[in-house]
Amino acid sequence: MHFLDELNERQREAVEYIHGPLMVVAGAGSGKTKVLTARIAYLMERGVDPFHILALTFTNKAANEMKARIERMLGSTEARNLYIGTFHSVFARLLRADAHRLGYPPNFTIYDTEDSKNVLKKIISELQLDDKHYRPGMVHHRISNAKNSLIGWEEYQQFPEFMQQDAQAGRPMIGKIFEWYAKRCFQNGAMDFDDLLYQMYVLLTRFPDVLHKYQHKFQYILIDEYQDTNPAQYAIIKLLGAVHENICVVGDDAQSIYSFRGATIQNILQFEKDYEDVKVVKLEQNYRSTRNILSVANEVIAYNKHQLPKVLWTQNDEGEKIKLISLLSEHEEARFVADTIAEQKYRNHYANKDFAVLYRTNAQSRSFEEHLRRLNIPYKIYAGISFYQRKEIKDFLAYLRVIVNPKDEESLLRIINYPSRGIGDQTLQKCQLLAREQGISVWEVFENIRKYPLRSAAINQIEDFVVMIKNLQLLLDKENAYTVAMEAGKASGVVKELYNDKSVEGIARYENVQELLNAIKEFTEMPDSEGELTDKSLGSYLQQITLLTDADEEKEESDTVKLMTIHAAKGLEFPCVFVVGLEEGLFPSAMSINTREELEEERRLFYVAITRAKEKLWLTYTANRYRYGNFVQNDPSRFISELPPAYIETPYRRNDAVPYSKHYAQEKMPVTSAGSFSLPKRQPAPAVHTPSPDFKPDDFRLMKPGMKVEHQKFGYGYILSIDGNAANPIATIRFELSGEKKIMLNYARLRIVQDNAADSQ
DNA sequence: TCGGAAATGTTTTTT
DNA sequence: ACATTTCCGA
């Protein structure tokens with residue numbers, strides 16, 4: 001069957017309209033990827049050379065999947081020649097070709113967020129500013145936002161609005177830090193994530209011939225997830241597409257969830273006004289979810305004010321109602337989720353991989369891990385930390401970065417004393433000072449280290465180091481990335497150092513580095529694309545991997561329950577979904593309830609979470625939760641009151657529903673809230689003891705054996721003894737109502753009733 | 001210079 | 001609760 005025959009009318013319209021600007025408003029589950037791939041395949045079938053097609057996606061994973069799908073559709077390897085990837089990776093590749101025109105080396109290093117923050121931290125201290133007041137993360141965010149709006153440091157200092165804002169916030173030096181940061185990165189031959197966009201824009205605007213080259217190369221431009229693009233990306237697309245105007249953007253304003261990264265929903269809301277004769281196609285038929293799930297999603301998102309008008313509908317079954325579950329603690333929540341998964345697997349023959357647990361913050365994963373492990377349910381966490389961000393990997397990569405670009409001071413200082421060579425902080429401080437005084441790089445100081453008055457032991461070590469790096473650099477031209485990397489591992493002593501560490505973590509680190517080496521080997525053995533030889537050099541490799549994220553590394557899909565943030569779940573779908581932690585302050589996040597815009601984005605996030613579910617959806621929230629290591633009480637999320645009652649049920653937990661947890665038997669109290677749906681109230685504590693009206697917990701450090709205390713649940717009791725260490729004292733308390741209990745004092749909330757402690761004075 | 005212990009901050013989301 | 005940073009003594 002031809003791929004066009006698999007499309008509905010709207011989808012087909014979006015595929016076949018290939019000339020002029022097109023906006024496809026693709027609701028959740030409306031077959032967006034299908035349309036994008038079919039469109040590209042269609043273009044190629046009509047004779048458009050893949051070398052002339054540029055497709056920009058949000059993740060590398062999406063790009064690779066699309067490429068593979070197109071190959072299958074066309075039954076050819078032509079798709080290999082498409083320019084397809086994330087904004088960042090495509091622009092990195094383009095910048096590499098012309099970096100010299102901006103004064104950067106072709107092998108420029110790409111700094112990830114951690115690298116950037118380290119550079120900023122150093123600059124803040126060099127400027128003798130207080131890093132508590134100028135927090136590197138905060139400064140980075142501000143600089144990042146500026147660059148994503150195409151504001152360089154000069155403009156930043158010129159525009160009074162920025163400087164005034166900073167001055168009002170009591171941070172007048174951010175402009176200065178920005179300047180130093182930009183200059184330092186340039187000296188280091190490094191671009192950060194934002195530079196890949198910003199410098200691309202500079203390149204295109206400053207060099208008309210470069211602009212001309214790409215305007216004619218990219219005759220057809222497609223952009224996925226357009227709702228999450230930022231002003232810099234917008235401006236670049238506008239430039240690149242100016243000649244042919246064959247721009248197709250695909251997105252869903254209801255799923256715009258990346259404004260914290262500088263994305264602006266305005267790009268998609270305004271697209272119709274940006275070009276003349278914009279064709280708009282709306283994909284409103286949902287193929288993913290049950291009617292109940294979709295109804296809830298539609299009603300929730302209707303609370304947002306600014307939207308492109310559309311209504312999702314489906315021919316799917318009504319499905320089950322959405323379950324809303326109230327629980328006492330995050331512990332209970334995790335147990336409920338694990339138990340329910342076990343039950344659903346048993347009753348309805350679901351596989352592990354049919355389930356996803358979605359949460360607002362990565363920190364929430366822990367309790368689910370514990371309970372899934374307890375029931376022997378295999379799971380996989382998709383956490384923020386990517387393989388390439390692990391310390392041992394970054395250390396090793398720093399060697400490779402220095403070989404390729406010795407000006408990269410960040411990487412150089414990272415490895416100069418790893419493995420330990422007796423080159424300490426004092427020496428390195430002096431070297432940096434020397435470099436700054438003479439306006440040269442630290443590497444150049446190292447190259448002539450004998451000229452400077454330093455400890456002779458350190459001088460010898462640095463000299464050896466320089467010789468080693470230079471020898472490795474000689475390999476660059478003759479050998480591929482893998483060979484260079486292997487030699488670097490040997491010569492530096494890093495591999496030996498890791499091999500000698502026989503601790504559990506040490507072995508894991510060694511294995512990780514071996515895995516890295518394998519990945520590099522794989523890279524060098526990848527087939528070339530037809531028209532051009534792919535660059536197999538180490539420099540080319542390094543520029544790719546910094547842009548890889550966790551989601552991109554997924555090998556074949558394993559049969560595991562998936563745990564991830566809602567952001568990470570964007571674009572995915574699962575038969576059964578748990579959206580957990582629906583509590584005020586957590587979801588919506590306390591950070592995002594100050595403006596309507598922020599709150600609407602949180603609501604879109606909720607919408608994204610709901611629409612991941614195909615068949616069954618559970619929403620959970622708890623009354624108590626750990627935060628910062630102490631219990632806090634939470635109100636149910638305001639989003640819960642926005643749920644349409646007709647599609648929701650709030651079941652009791654029945655005894656026969658969860659025979660899988662060995663802990664269940666101990667549980668006597670019903671853990672879910674009762675009966676018909678209404679705005680959920682906080683769980684009443686089990687009615688063992690009614691706390692006194694003026695109950696207020698006292699500082700646990702005041703507690704001594706012999707005192708009479710009150711506990712909110714257990715009632716009155718006497719402290720018999722206190723053991724454990726000072727940081728985590730454990731008291732044995734005899735309660736009048738519930739007998740002896742061991743209580744961890746720094747978590748428990750206890751009120752001192754009577755201070756007749758035996759040994760107090 | 002280096003290692004371990006104490007103190008401190010951190011949690012919103014990520015290319 | 002955790003990780004990271006800072007402090008301190010050898």
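Residue numbers start from 1 in every chain, and the chains themselves are labelled A, B, ... in the order their sequence lines are given, proteins ahead of strands.
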In whole angstrom, what separates [X]'s [atom1] from [N]'s [atom2]?
X	N	atom1	atom2	answer
A:Lys61	B:dT15	NZ	P	12 Å
A:Gln543	B:dT15	CD	P	18 Å
A:Ile416	B:dT1	CD1	P	13 Å
A:Tyr234	B:dT15	OH	C1'	21 Å
A:Ile257	B:dT15	CD1	P	11 Å
A:Ile381	B:dT13	CD1	C1'	17 Å

Do A:Gln227 and A:Glu225 have side-chain atoms, one donor and one acceptor, less than 3.5 Å apart? yes
Nucleotide nearest [X] when distance is taken to its side chain, options [options]:
X	options	value
A:Lys121	B:dT14, C:dT5, B:dT1	C:dT5
A:Ser420	B:dC2, B:dT15, B:dT14	B:dC2
A:His567	B:dT14, B:dC2, B:dT15	B:dT14
A:Asn417	B:dT1, B:dT13, B:dC2	B:dC2
A:Thr427	B:dT15, B:dT1, B:dT13	B:dT1
A:Arg366	B:dT1, C:dC2, B:dT14	C:dC2

Just verifying a value: how many Å separate A:Tyr181 OH and A:Ile123 CD1, rounded to the nearest 0.5 Å? 8.0 Å
Could you state the interatomic distance from CG (A:Asp425) to CD (A:Gln429), rounded to the nearest 0.5 Å? 5.0 Å
Let me see the working for A:Asp192 and A:Lys147 under salt bridge (charged side-chain N to carboxylate O under 4.0 Å, His left out), right down to the final yes or no. CA-CA 10 Å; A:Asp192 65 14; A:Lys147 281 203 256 191; 2.9 Å; yes
Examine B:dT15: is either OP1 or OP2 under 4.0 Å from a nitrogen or oxygen in the side chain of A:Asn148? Give yes or no. no
Short side-chain N/O contact from A:Thr565 to OP1 or OP2 of B:dT14, under 4.0 Å: yes
What parts of residues 456-464 of chain A reach DNA chain B, counting only heavy atoms under 4.0 Å away? none
Tell me, which of residues 111-119 of chain A have any heavy atom that sits under 4.0 Å from an atom in DNA chain B? A:Thr113
Using a cut-off of 4.0 Å on non-hydrogen atoms, how would the nucleic acid contact of [X] be classed: base, sugar-phosphate, or nothing?
X	answer
A:Tyr258	sugar-phosphate
A:Phe587	nothing
A:Glu601	nothing

Measure from NZ or CZ of [X] to the centre of the six-membered ring of [Y] and say whether it is under 6.0 Å with the direction within 45° of the ring axis.
X	Y	answer
A:Arg603	A:Phe606	no
A:Arg93	A:Tyr83	yes
A:Lys238	A:Tyr234	no
A:Lys394	A:Tyr388	no

Check nucleotides 8-11 of chain B for protein N or O atoms closer than 3.5 Å to its own N or O atoms and list the pairs.
from	atom 1	to	atom 2	distance (Å)
B:dT10	OP1	A:Arg135	NE	2.6

Using the salt bridge (Lys or Arg N to Asp or Glu O under 4.0 Å) rule, pick out the option among A:Glu584, A:Glu583, A:Glu602 that qualifies with A:Arg638. A:Glu584
Matching residue for A:Asp395 among A:Arg414, A:Arg401, A:Arg390 - test: salt bridge (Lys or Arg N to Asp or Glu O under 4.0 Å): A:Arg414
Identify whether the distance between the nearest side-chain nitrogen and carboxylate oxygen of A:Asp224 and A:Lys32 falls below 4.0 Å.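 Counted as a salt bridge, because a side-chain N and a carboxylate O are separated by less than 4.0 Å.
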Here's a test of your reading of the structure: between A:Glu598 and A:Gly422, which maps to the more 5' nucleotide of DNA chain B?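 Nearest nucleotide further toward 5': that of A:Gly422.
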Out of A:Asn188, A:Asn118, A:Asp195, which one pairs with A:Tyr111 under the side chain to side chain donor-acceptor pair (under 3.5 Å) rule?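 Among A:Asn188, A:Asn118, A:Asp195, the one that satisfies the side chain to side chain donor-acceptor pair (under 3.5 Å) with A:Tyr111 is A:Asn188.
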